[in-house]
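Structure first, commentary second.
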Amino acid sequence: MSDNGVIIVGAGPVGLITALGLAQRGVEVTLLDGADDILDEPRGMTYHWAVLAGLERLGVLDDAMAIGWLNHDWSAQIHATGERISMDIGLLKDDVRHPYSLILGQDALGGVVKEHLERLPNATIRWGHRVTGLDQDGSGVTVHVETADGAHDLRCGWLVGADGGRSVVRRELGLGFEGMTWDERFVATNCRGGYDDHFVSGYLVDAEHGAVIHKITQDGLWRHTFAEPLDLPEEGIEERIAAHFRAVLPEEDFDHKMLLWRHYRMHQRSAQTYRVGRALLAGDAAHVTNPTRGFGLVGGMFDAFALAEALGAVVLDHADDVLLDRYAEERKRVFWDYTTPISSQAKRMVFEPTQERLDAFREAAADPAKTRQYLLSGVALATPSLLGTMDLWETVGASPSLDALRGA
Ligand SMILES: Cc1cc2nc3c(=O)[nH]c(=O)nc-3n(C[C@H](O)[C@H](O)[C@H](O)COP(=O)(O)OP(=O)(O)OC[C@H]3O[C@@H](n4cnc5c(N)ncnc54)[C@H](O)[C@@H]3O)c2cc1C
């Protein structure tokens, strides 16, 4: 790799999207991932409309839309009463280019990005390359890697840590992960069954049996995620999954089958900074949120869009690297000012519903002006071009007329 090349640690969705953005600009990029291929885990699957314009600019949106599906509402169902509350994303149709959420598993989305990346001669993905450490000096970064053939070092001009919540890059940079851990874990399952006839694709609101239940594919695969106290032992989760299903699914004719499950601790945490010298952080390596609002990967995608443009300009055009400080400051500010409060509010509404929280959601759904305002929440996660080539509204594919509504 040339002295100016970029190594990205982690070929998760954020690493792949950052790599594609850099490689399309002409940067030489190498992605390193400890796994053998894209991980198939029950995690991200719903992507807010505001992020779709960025995927379109990368040229991957059509392929992603061809294997995913478009959800036109944002809905909740009250477990105790069966009441359904729904917001029509189509209310934004005159103002935004993509008035819907894109739904597909993050592994499938990653697969689409990987295909596009593999067509570029200046991008390489090396699976089975686990990063164990790094050193940097004034001219570049040396990355220590373990592979099946043994340990060796790789050298690059710039390093991006997109290696997830337990980031080795973040640890090696000596950065902590400030914030809090929620008292519950999420248990996420992939299931089939008669969900279409009994549930909205969205929130199941209840203080005891709350869940996020989303249709993943049009042929009947659903993601059913519930929360349980973190102090319960990990042993016994499978029995508690069965108990949760008994409590919320109809007893008859549901034909339920669980295919996969994982459990996750939930946090609101961020590194103190997303830049140390020639190393940068993006995605879950930089910040993690509870996923109730579907803002984890969406926030990571906005990191990737901003970072690819800024780092590309530094590497290729000798732009002032103060751009990278601005990337770091902006993305951290967005995480604490918007991602965390919006995601925390959503989690409380679903899992700790109060009359006040539910009434606020009902009111937002009942009044088209309030619905439009609610649906703008994802715009706050975006960072407009740090080079000044695009304003906020162009970044998210929306009309500047929405500005008035945002401040309303
Ligand atoms: C239950 C659940 C539901 C979610 N739903 C949504 C949703 O609907 N919408 C949304 O936007 N977000 C959602 N999220 C959040 C989303 O899953 C994460 O934000 C996303 O995975 C972050 O992507 P990433 O690429 O930063 O990290 P990761 O996906 O964690 O990828 C990190 C990659 O780095 C590799 N790696 C790790 N360590 C090393 C190392 N030392 N060396 C080399 N490689 C390494 C790993 O193998 C992996 O491929 C959800 C999360 C959960 C848990």
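Remember, it's 1-based here, ligands and their atoms both numbered in the order they're listed. Computed over heavy atoms, backbone and side chain alike; hydrogens, waters and symmetry mates excluded.
- The salt bridge (charged side-chain N to carboxylate O under 4.0 Å, His left out) analysis of residues 217-227, with sequence neighbours excluded, yields the pairs R192-D219.
- Using cut-offs of 30° and 60° on the angle between ring planes, the pair H244 and F226 is parallel.
- Pairs engaging residues 38-54 under the salt bridge (charged side-chain N to carboxylate O under 4.0 Å, His left out) rule: E41-R43, R43-D284 [sequence neighbours left out].
- In this structure, the salt bridge (Lys or Arg N to Asp or Glu O under 4.0 Å) partners of D95, at least two apart in sequence or on a different chain, are R372.
- No side-chain donor-acceptor contact under 3.5 Å links Q268 and W336.
- In this structure, ligand 1 sits under 4.0 Å from heavy atoms belonging to V9, G10, A11, G12, P13, V14, L32, D33, G34, A35, L39, P42, R43, G44, M45, T46, Q106, H129, R130, V131, A162, D163, G164, V168, A188, Y264, G283, D284, P291, G294, G296, L297, V298.
- Taking the six-membered ring where tryptophan is involved, the planes of H256 and F254 are tilted, since the angle between them lies from 30° to 60°.
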